[in-house]
Amino acid sequence: MNTFAPVKEQMDLLLRGALEIISEEELEKKLEKSYSSGRPLIIKQGFDPSAPDLHLGHAVTIRKLRQFQQLGHHVIFVIGDFTGMVGDPSGRSKTRPKLTREEVLENAETYKAQVFKILDRGKTEIRFNSEWHGKKDIYQFLELTSKYTVARMLERDDFLNRYQAGEPISMLEFLYPLLQAYDSVALKADVEMGGLDQKFNLLLGRKIQGEFNIEPQVVFLMPLLIGTDGTQKMSKSLDNYVGICDRPEDMYGRVMSIPDELIVDYYTLATDVPASEITSIQKEIANGSVNPMEYKQRLAREIIELYHKPEDAIRAENDFLTRFRHREIPDDLPEVEVSFANQPMPILDLMIVCGSISSKGEGRRLVQGGAVKVNREKISDFRAMIEPLDDLILQVGKRKIYRIIPS
RNA sequence: GGGGAGAUGCCCGAGUGGUCAAAGGGAGCAGACUGUAAAUCUGCCGGCUGAUGCCUACAGAGGUUCAAACCCUCUUCUCCCCA
C-alpha cells in the first residue's frame with residue numbers, strides 16, 4: 001500500500017514548465033523507488049538569507065516544489081544563513097551585508113510568512129545551513145575544497161565572464177558553490193530545485209554527493225522568469241518584479257506592463273492554466289485573432305487569484321480599466337487626512353503630505369509637466385493654493401490618486 | 001614582494017584648476033498618442049527656494065589655491081603584468 005500516484009502521472013505533472021532535468025531517467029528511477037518503498041523523495045532548494053521579498057520569479061521554483069508536495073514528497077527549504085553571516089563584499093561595488101544571527105532569524109520568519117502562501121506548511125522543513133557548516137573544522141573544509149579544481153570552477157559562465165571582464169570575484173564567492181553543494185550532502189537530497197542560473201551549483205551538488213558516496217541528486221531546472229521590463233530576469237533590485245505580497249491593484253498593473261511577447265511564458269511559469277490551453281492561447285495571439293491585451297488581462301487575474309481572493313482580481317481589474325483605459329478616477333481611493341486649519345494649502349505641501357512626491361522639486365516638475373489635477377482640473381502653477389473643500393481629489397499622474405479629507 | 005592602471009550621479013561613461021550639479025547613453029518619472037504592452041514625440045531627471053540665491057555631491061581624510069571632480073599627501077578598495 002502506498003499513497004503515491006503512478007510514476008507516469010507524477011512525471012507528467014512535474015514536466016510542465018520544467019526547463020531541464022538532469023536526468024529525466026534518474027528522476028523516474030527515484031520516483032519508482034519511492035513508489036515501491038513508500039519513501040518520499042527529499043526535494044531541496046536553497047535561498048539567500050537576505051532580501052526576503054518574494055516575487056513571481058521565486059515563485060516559479062517554489063510552485064514546482066509545491067507540486068512535489070502535492071505528490072507526497074518532502075520539501076526542505078534551506079536558508080543559507082552561514083554564508084550570509086560571513087558577508088561578502090564582492091560583485092562590483094554592491095556589498096552583500098553581513099547579517100547577524102537575529103537578522104537571519106527575522107528574515108527567516110518573513111520568508112515563512114511569504115513562502116507558505118505557496119507551500120504546504122505541514123509538509124515543509126526549514127533548515128539553516130549553519131547547522132552543518134558551523135560545525136565543520138578547517139580540516140574538513142579543506143578536504144571539501146580539494147574535491148574540485150579552479151579550472152572547473154572557472155567554467156561557470158558568470159565567473160568566467162566576470163574574470164575576463166576584469167571584475168572582482170571574492171574567494172568566498174568562489175567557494176560558495178562548494179558550500180552549497182555540501183548542503184545536498186548533509187541533507188541527502190534526491191532532487192535539488194533551482195532556476196537556470198543555478199545550473200552550475202546544482203550540478204556541483206551532484207558531483208560532491210558522489211565524492212561523499214551519496215546517490216547523486218537530480219538537478220531540476222526551471223526557466224528564469226523575465227521581469228516586467230521584458231529584458232532582464234525578474235529581480236527586486238531591478239524593480240521589474242511582481243511581488244507575491246503586492247496589493248492586487250499593483251499586481252494587476254505590473255502584469256499589464258509586461259511586453260506582449262512574455263504572455264505565454266507567464267502563463268506557463270506563473271499560473272496553473274493547463275498546458276493545452278496555453279497552447280491555444282499562444283496560437284490565437286500569433287495569428288492575430290485576439291488582442292493580446294485580453295489574454296494579458298486574464299493572466300493578471302489568474303495571478304492575483306493565486307495570492308489573493310477572486311474578488312480582489314475583479315476589483316483590481318476595474319481599478320486598472322478606470323485609471324488607464326478610461327482615464328478616470330476610481331471609486332476606491334486611498335483617503336488621506338490633511339489638517340488645513342481652515343487655510344488654503346500650497347499644492348506642493350499637499351502633495352508632500354499625501355506622500356505622492358519625495359521633494360518639492362519633484363512636485364514642481366510634475367505640475368509643470370501637467371501631471372497634477374485637483375478635482376479633475378489641471379494645476380498649472382506650482383504655487384497654487386488649495387482650498388479645504390469637503391470633496392477633494394488629488395491626482396498626481398495616473399497612478400497616484402487620493403481622496404483628501406480636510407481636518 | 002615588485003611594477004602599472006583605476007575609483008565620477010540609479011547604471012554605463014565623458015570631463016584633468018574657474019564657463020561643472022558635471023557631456024552622452026541607458027534606466028526611471030510625467031505628458032501626448034493608444035487596444036494593454038511596444039513604437040514615436042515632448043518635458044523632467046541631487047535638495048531647499050519666489051529667485052539669476054543657497055546647500056550637498058565626483059571612494060575617504062587632510063592640504064595647496066582667490067578658486068579643485070581635476071594639483072599634492074596619506075588611507076581604503078579594485079583590476080592588469082611580473083614573482
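By convention in this document, chain letters (A, B, ...) are assigned in the order of the sequence lines, proteins followed by strands, and residues within each chain are numbered from 1. As a basis for the values below, the full set of heavy atoms in this structure was taken, side chains included, without hydrogen atoms, waters or symmetry mates.
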*Asks:* Could you tell me whether K207(A) and E211(A) make a salt bridge, using a distance below 4.0 angstrom between a side-chain N and a carboxylate O?
*Replies:*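 A salt bridge links K207(A) with E211(A).
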*Asks:* Name the pairs: protein N/O against N/O of nucleotides 7-9 of chain B, kept only if under 3.5 Å.
*Replies:*
none

*Asks:* I357(A) has an atom CD1; how far is it from atom C1' of G47(B), in whole Å?
*Replies:*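 After rounding, the reported distance stands at 13 Å.
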*Asks:* Whole-Å distance between G26(B) C1' and D239(A) CG?
*Replies:*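 So the two atoms are 16 Å apart, to the nearest Å.
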*Asks:* Tell me which of G166(A) and K360(A) sits closer to the 5' end of RNA chain B, going by the nucleotide each one is nearest to.
*Replies:*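 Final value for this comparison: K360(A).
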*Asks:* If you compare every side-chain N and O of S359(A) against the phosphate oxygens of G46(B) (OP1, OP2), does one of them come in below 4.0 Å?
*Replies:*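 Checking S359(A) against G46(B): no side-chain N or O falls below 4.0 Å of OP1 or OP2.
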*Asks:* Say you draw a straight line from CG of L160(A) to CD of E155(A); how long is it, rounded to the nearest 0.5 Å?
*Replies:*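 If I round to the nearest 0.5 Å, the distance is 9.5 Å.
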*Asks:* For the C1' atoms, the ones on U52(B) and on G25(B), what distance do you get once it is rounded to whole angstrom?
*Replies:*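 So the two C1' atoms sit 31 Å from each other.
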*Asks:* Please state the P separation for the pair G62(B) and U49(B) - nearest whole angstrom.
*Replies:*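 Comparing P positions in G62(B) and U49(B) gives a spacing of 30 Å.
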*Asks:* Is any NZ, NE, NH1 or NH2 atom of the basic residue among R247(A) and E249(A) found under 4.0 Å from an Asp or Glu carboxylate oxygen of the other?
*Replies:*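 Judged by the 4.0 Å cut-off on N to carboxylate O distance, R247(A) and E249(A) do form a salt bridge.
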*Asks:* Given that both distances must come in under 3.5 Å, which nucleotide forms a Watson-Crick or G-U wobble pair with A51(B)?
*Replies:*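 In the structure as shown, A51(B) has no Watson-Crick or wobble partner.
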*Asks:* Does E215(A) pair with K30(A) as a salt bridge, N-O distance under 4.0 Å?
*Replies:*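 The answer is yes: the pair qualifies as a salt bridge.
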*Asks:* Please report, rounded to the nearest Å, how far the P atom of G35(B) is from the CZ atom of R298(A).
*Replies:*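 Between P of G35(B) and CZ of R298(A): 24 Å.
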*Asks:* Which whole-number value in Å describes the distance from R323(A) CZ to G35(B) P?
*Replies:*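 In whole Å, G35(B) P and R323(A) CZ are 21 Å from each other.
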*Asks:* Is the closest basic N to carboxylate O distance between D239(A) and R254(A) below 4.0 Å?
*Replies:*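 Looking at R254(A) together with D239(A), the answer is yes, because their closest N to O distance falls below 4.0 Å.
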*Asks:* Please determine whether a side-chain nitrogen of the Lys or Arg among K8(A) and E28(A) lies less than 4.0 Å from a carboxylate oxygen of the Asp or Glu.
*Replies:*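 Salt bridge: no.
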*Asks:* Rounded to the nearest 0.5 Å, what's the gap from CE on M345(A) to OG on S339(A)? Could you check?
*Replies:*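 It is 6.0 Å, given to the nearest 0.5 Å.
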*Asks:* Under 6.0 Å from the ring centre and within 45 degrees of the ring axis: does the NZ or CZ of K188(A) meet both conditions for the six-membered ring of F212(A)?
*Replies:*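 The answer is no, since K188(A) fails at least one limit relative to F212(A).
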*Asks:* Indicate yes or no: does R323(A) engage E328(A) in a salt bridge with an N to O separation below 4.0 Å.
*Replies:*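 Not counted as a salt bridge, because no side-chain N and carboxylate O are separated by less than 4.0 Å.
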*Asks:* Give a yes or no on whether a salt bridge exists between R298(A) and E277(A), defined as a side-chain N under 4.0 angstrom from a carboxylate O.
*Replies:*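 Answer for the salt bridge query: yes.
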*Asks:* For A69(B), what is the paired nucleotide under Watson-Crick or G-U wobble rules, both distances under 3.5 Å?
*Replies:*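 Its partner: none found.
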*Asks:* Of all residues at least two apart in sequence or in a different chain, which pass the ring-ring contact (aromatic ring centres under 6.0 Å, His included) check with Y267(A)?
*Replies:*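 Here no residue qualifies.
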*Asks:* Could you tell me whether the side chain of R364(A) has a donor or acceptor atom within less than 3.5 Å of a complementary atom in the base of U49(B)?
*Replies:*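 Indeed, a donor on one side and an acceptor on the other fall under 3.5 Å apart.
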*Asks:* Can you give me the N/O atom pairs linking the protein to nucleotides 52-60 of chain B at distances under 3.5 Å, or say none if there are none?
*Replies:*
none

*Asks:* What's the closest nucleotide to the K296(A) side chain, out of C45(B), U78(B), U36(B)?
*Replies:*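 Nearest listed nucleotide: U36(B).
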*Asks:* Is the shortest side-chain N to carboxylate O distance from D190(A) to K44(A) below 4.0 Å?
*Replies:*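 So D190(A) does not pair with K44(A) through a salt bridge.
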*Asks:* With a 4.0 Å cutoff (strictly under), does any side-chain N or O of R325(A) reach OP1 or OP2 of A37(B)?
*Replies:*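 Result: no.
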*Asks:* I want to check something: taking the side chain as every heavy atom from C-beta on, are V115(A) and F47(A) in contact at a cut-off of under 4.5 Å?
*Replies:*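 Sidechains of F47(A) and V115(A): no contact.
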*Asks:* As a test of understanding, state which of I118(A), I244(A), L56(A) forms a side chain to side chain contact (heavy atoms under 4.5 Å, CB included) with I62(A).
*Replies:*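 Exactly one option meets the side chain to side chain contact (heavy atoms under 4.5 Å, CB included) with I62(A), and it is I118(A).
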*Asks:* Who does G17(B) pair with, Watson-Crick or G-U, both distances under 3.5 Å?
*Replies:*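 Paired with G17(B), as far as the under-3.5 Å criterion goes, is no nucleotide at all.
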*Asks:* For RNA chain B, determine which residues of residues 282-292 of chain A have any heavy atom closer than 4.0 angstrom to one of its atoms, and list them numerically.
*Replies:*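 Heavy-atom contacts with RNA chain B come from N291(A), P292(A).
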*Asks:* Determine the interatomic distance between C1' on C11(B) and the same-named atom on G28(B); round to the nearest Å.
*Replies:*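 Their C1' atoms lie roughly 11 Å apart.
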*Asks:* Quick one: look up who C29(B) pairs with, Watson-Crick or G-U, both distances under 3.5 Å, and put none if it's unpaired.
*Replies:*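 Its partner is G43(B).
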*Asks:* What's the CD-P distance between E167(A) and G6(B), to the nearest Å?
*Replies:*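 Answer to the nearest Å: 18 Å.
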*Asks:* Can a salt bridge be assigned to the pair E109(A) and K112(A) using a cut-off of 4.0 Å between side-chain N and carboxylate O?
*Replies:*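 A salt bridge links E109(A) with K112(A).
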*Asks:* Check nucleotides 27-32 of chain B against the protein and report each pair of N or O atoms closer than 3.5 Å, with its distance, or say if there are none.
*Replies:*
unit_1 : atom_1 : unit_2  : atom_2 : d
A30(B) : OP1    : R399(A) : NH1    : 3.4
A30(B) : OP2    : R399(A) : NH1    : 3.4
G31(B) : OP2    : K398(A) : NZ     : 3.2
G31(B) : O4'    : G369(A) : O      : 3.4
A32(B) : OP2    : R327(A) : NH1    : 3.4

*Asks:* Would you kindly give the CD-to-P distance between E294(A) and U36(B), to the nearest whole Å?
*Replies:*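 My rounded result for the distance is 12 Å.
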*Asks:* Roughly how far, to the nearest 0.5 Å, is CG of D81(A) from CZ of R101(A)?
*Replies:*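 Here the interatomic distance stands at 5.5 Å.
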*Asks:* Please report the distance, rounded to the nearest Å, between CD in Q164(A) and P in C80(B).
*Replies:*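 Interatomic distance, CD of Q164(A) to P of C80(B): 11 Å.
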*Asks:* Give the rounded distance in Å between these two atoms: CZ of F320(A) and C1' of G35(B).
*Replies:*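 About 11 Å, once rounded to whole Å.
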*Asks:* When the P atoms of U64(B) and G9(B) are considered, how many whole Å apart are they?
*Replies:*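 It works out to 28 Å between them.
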*Asks:* Whether R127(A) and D183(A) form a salt bridge (side-chain N of Lys/Arg under 4.0 Å from carboxylate O of Asp/Glu) is what I want to check.
*Replies:*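 Here D183(A) does not pair with R127(A) in a salt bridge, since their nearest N and O are not under 4.0 Å apart.
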*Asks:* Looking at the rings of F141(A) and H133(A), which for Trp means the six-membered one, are their centres under 6.0 Å apart?
*Replies:*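 Aromatic pair excluded; centres sit 6.0 Å or further apart.
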*Asks:* Let's see if you get this right: which residues in residues 257-268 of chain A place a heavy atom under 4.0 Å from RNA chain B?
*Replies:*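 Heavy-atom contacts with RNA chain B come from S257(A), I258(A), P259(A), D260(A).
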*Asks:* Checking base pairs now: Watson-Crick or wobble, both atom distances under 3.5 Å. What partners A5(B)?
*Replies:*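 Checking every strand shown, A5(B) finds its partner in U78(B), with both distances under 3.5 Å.
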